[in-house]
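Quick notes on the structure that follows.
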Amino acid sequence: MSEKAITRALLSVSDKSGLADLGAALAARGVELVSTGGTAKALRDAGLAVKDVSDLTGFPEMMDGRVKTLHPAVHGGLLALRDNPEHVAAMETHGIGAIDLVVVNLYPFEATVAKGAGRAEIIENIDIGGPSMVRSAAKNHGFVTILTDPADYPALLEELAVNDGATTQAFRTRMAGKAYARTAAYDSAIASWFAFGDSDGETTPFPETLPIALKRADSLRYGENPHQSAAIYVPQVIAAPGVPQAAQLQGKALSYNNLNDADAALELAAEFAGQEPAVVIVKHANPCGVAQSGSLLAAWEAALACDSVSAFGGIVAVNCELDGATAEAIAGIFTEVVIAPTVSAEARAVFAKKKNLRLLESGALPDPRRGGFAMKTIAGGMLIQSRDGGAVSRDDLKVVTSRAPTDQELKDCLFAWTVARHVKSNAIVYAKDGATAGIGAGQMNRRDSARIAAIKAKEAAETYGWDAPRTHGSAVASDAFFPFSDGLISAAEAGATAVIQPGGSIRDDEVIAAADAAGLAMVFTGMRHFRH
């Protein structure tokens, strides 16, 4: 029979939420409560009878609580196989009582690191006895029930109610698996701190073993396609809040593609944090329109004009509070997700009429220059690199043509460069007066990206009845160097007057000569931004 009655429980928790109610429910069933330190005090304060672990071990807690449960009287009671005569005889010989339930949650190591505590405090929050008890109980889940999460207390009490004070093998197995996942994540967090955050130790950007601990935040309906399953996971310690931490104010649940696209939009909007209002429109993780202006509404109109066809069904991110007038304009086209640091009451009222639109409030924007890693799975392994936090300023630019760019051209160059770093390679971005004029993304050669961006600009001019495409008099950014002059010539034919690119090609002289022949001003950044 798989049901195992619970007659004795050992409780030792850092998170005491729900503890008193759990203890009372167990005591009401006649379960003997055994506990340690602060947990025992909390149970006694709730009026419950509790036996100290020291009563089992014959040793007091010592060394500031570092040593209290590491004893055969505890682990023998956890690990003994109740149907093994030799184990039972050993228990009787040494006076070891069986422990049927263990309720443990560990010292708050992750939270201690996250709050920026000093090294000594962090070290003291590395739990030793807790994980040992968890692992012992989980190993012996044929007889012992282990709980590591207060959220599971109601499930335990329901299990006891249904099974007359016992737990089933299925429940114990499920809790054991959860327990090992918790200790694995806990050890991973500690190993990560030693590898990346221990200022007194030797750190390396890429340790020999890379521990990664993630917690499932949500299950998704499906992945990129309906036949793929998906979920979203978040790190135990969140260094930079983003879309997963944003408050969803309305709309359907976010899909895999929504999350991916919203992240791309928010990351680009964050480039303009603290600057004048900016709007980013993203489709399939590529920006299709970006603009800055004196008002958010004007920025929306300029961003939309870049490629209104691609904007249909897109994701919109802004760098400041979303106001009602801009919300009204955005609501004029079908939009999947809108994300802003804050959303005004007027904007919320506008979008409330669009029940399916997902409206997110992110709070602070992520730091686009933060550290961390980017990861990508490949068959047989995983590629890991530091995040692309590189940036350039005016002082970093090197003028390589006979004509230097004007102040406005330089401003447009830097704006186009900022957008280009968020466009899939090969990337070409035309920009004029703080707005994208055409974007070419993800092509196998740079010339085609330049031509596609120009075609989009021409279509926009026809749609809006402009005299000429906005590429006329624009700056053009290339995420990597022009390997041949053909891409640059295509940009000149589209009307660009200034170019910003990394440089570094063996044909730089040829490209510079082509720029001079076309009357272009060109600057080199010395830094590329491939984005695959």
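As the structure is a computational prediction, the values presented were derived from the model and not from experiment.
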May I ask you to decide whether [X] forms a salt bridge with [Y], counting only side-chain N to carboxylate O separations under 4.0 Å?
X	Y	result
K215	E110	no
R421	D479	no
D407	R394	yes

Summary of ring-ring contact (aromatic ring centres under 6.0 Å, His included) pairs that have at least one residue in [range], sequence neighbours excluded:
range	answer
residues 225-276	F272-F415
residues 310-351	F312-F334
residues 437-468	Y464-W466

How would you list all residue pairs meeting salt bridge (charged side-chain N to carboxylate O under 4.0 Å, His left out) that involve [range], not counting sequence neighbours?
range	result
residues 364-383	E267-R370, E271-R369
residues 302-323	D307-K456
residues 409-418	R403-E409
residues 279-291	none

Residues 288-304 side chain polar contacts: donor-acceptor under 3.5 Å, at least two apart:
unit_1: Q292; atom_1: NE2; unit_2: Q275; atom_2: OE1; d: 3.2
unit_1: Q292; atom_1: NE2; unit_2: E276; atom_2: O; d: 3.3
unit_1: S295; atom_1: OG; unit_2: A298; atom_2: N; d: 3.1

Sequence-distant partners of Y222, ring-ring contact (aromatic ring centres under 6.0 Å, His included), two or more places apart: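 ring-ring contact (aromatic ring centres under 6.0 Å, His included) check on Y222 returns nothing, list empty.
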
Mind jotting down which residue pairs meet the side-chain hydrogen bond (donor to acceptor under 3.5 Å, both in side chains) criterion with at least one end in residues 482-493? Sequence neighbours excluded, please. S485-E510

For S393, what residues pass the side-chain contact (heavy atoms from CB on, under 4.5 Å) criterion, not counting sequence neighbours?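 side-chain contact (heavy atoms from CB on, under 4.5 Å) list for S393, sorted by chain: D395, D396.
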
Any donor-acceptor pair under 3.5 Å linking the side-chain atoms of [Y] with those of [X]?
X	Y	result
S255	R221	no
D15	S17	yes
N445	D448	yes

Name every donor-acceptor pair, under 3.5 Å, that has one atom in a side chain of residues 518-532 and the other anywhere in the protein, sequence neighbours excluded.
unit_1: T525; atom_1: OG1; unit_2: M527; atom_2: N; d: 3.1
unit_1: T525; atom_1: OG1; unit_2: M527; atom_2: O; d: 2.8
unit_1: H529; atom_1: ND1; unit_2: D388; atom_2: OD1; d: 3.3
unit_1: H529; atom_1: ND1; unit_2: D388; atom_2: OD2; d: 2.6

For I330 and T335, work out which heavy atoms get closest and say how close. O-OG1, 3.7 Å

